[in-house]
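Notes for the one structure printed next.
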Amino acid sequence: MAYIIQVNPVDLEKNVALGLDLPLTGESGATFKQNYITMDQAVANAKNLLLTEPRERIMLPTFGCGLKKTIFENLTKETMSILETRIKSSFQTFLPYIFIQKLVLTPDEDKNILYVQLDISLSETGF
């Protein structure tokens, strides 16, 4: 039985960092934690997109999912559908190399919390 092992082109050099991880503080608290694997950087990019509001970035005003706009709204099925569409369109626009395999939005109505769970994969070309 043959196994296919795929290495993304940017992962070939083990000493070259691809970007910064979130949260920005490293283990020692003084340095930035860096990502050396494509999937780790894709997860950090996805977190960044989810946590950013549109018009928050100066030179990229449309970047972000706008999840904070729904803080004081009731978490109805209609609201969940709007959020799901907003998240998927933001990923298609800003992170097209990330495919959302599964998106689960779970509201906790007692605490008014929305849990977002993403199962993602990368395209064949990586970045």
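Quick caveat: nothing in here was measured; it's all calculated off a predicted structure.
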Are any of the side-chain heavy atoms of [X] and [Y] separated by less than 4.5 Å?
X    : Y    : result
I120 : Y97  : no
T106 : I113 : no
D40  : D21  : no
L20  : K33  : no
V43  : L118 : no

Cluster question for you: counting only ILVMFWY and a side-chain heavy-atom cut-off of under 4.5 Å, with indirect links fine, are [X] and [Y] together?
X   : Y    : answer
L51 : F32  : no
L49 : L83  : yes
I82 : L105 : no

Measuring from [X]:[atom1] to [Y]:[atom2], what's the distance to the nearest 0.5 Å?
X    : Y   : atom1 : atom2 : result
N48  : R57 : CG    : CZ    : 5.0 Å
I100 : K88 : CD1   : NZ    : 7.0 Å
N45  : F94 : CG    : CZ    : 13.0 Å
L50  : R86 : CG    : CZ    : 12.0 Å

Quick check: are there more than 12 heavy atoms from other residues, nucleotides or ligands sitting under 6.0 Å from CD of E78?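 No, because the 6.0 Å sphere around CD of E78 holds 12 heavy atoms or fewer from other groups.
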
Sub-3.5 Å donor-acceptor pair from the side chain of T85 to the main-chain atoms of S81, do we have one?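 Judged by distance alone, yes, a pair lies under 3.5 Å.
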
Donor-acceptor pair, distance only, cut-off 3.5 Å: does the side chain of E56 make one with the backbone of G64?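 Here the side-chain-to-backbone pair does not exist.
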
Pair T93-S90, side-chain donor/acceptor within less than 3.5 Å: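 Distance-only check fails for T93 and S90.
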
With no hydrogens and no angle check, just 3.5 Å: does a side-chain donor-acceptor pair link Q41 and N35?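 On atom types as modelled, these side chains qualify, holding a pair under 3.5 Å.
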
Pair I98-L122, side-chain contact (heavy atoms from CB on, under 4.5 Å): steps then yes or no: CA-CA 5 Å; I98 295 178; L122 298 178; 4.0 Å; yes

Nearest heavy atoms of M80 and P107, plus distance in Å: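 Minimum heavy-atom contact is CE-CD, 3.3 Å.
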
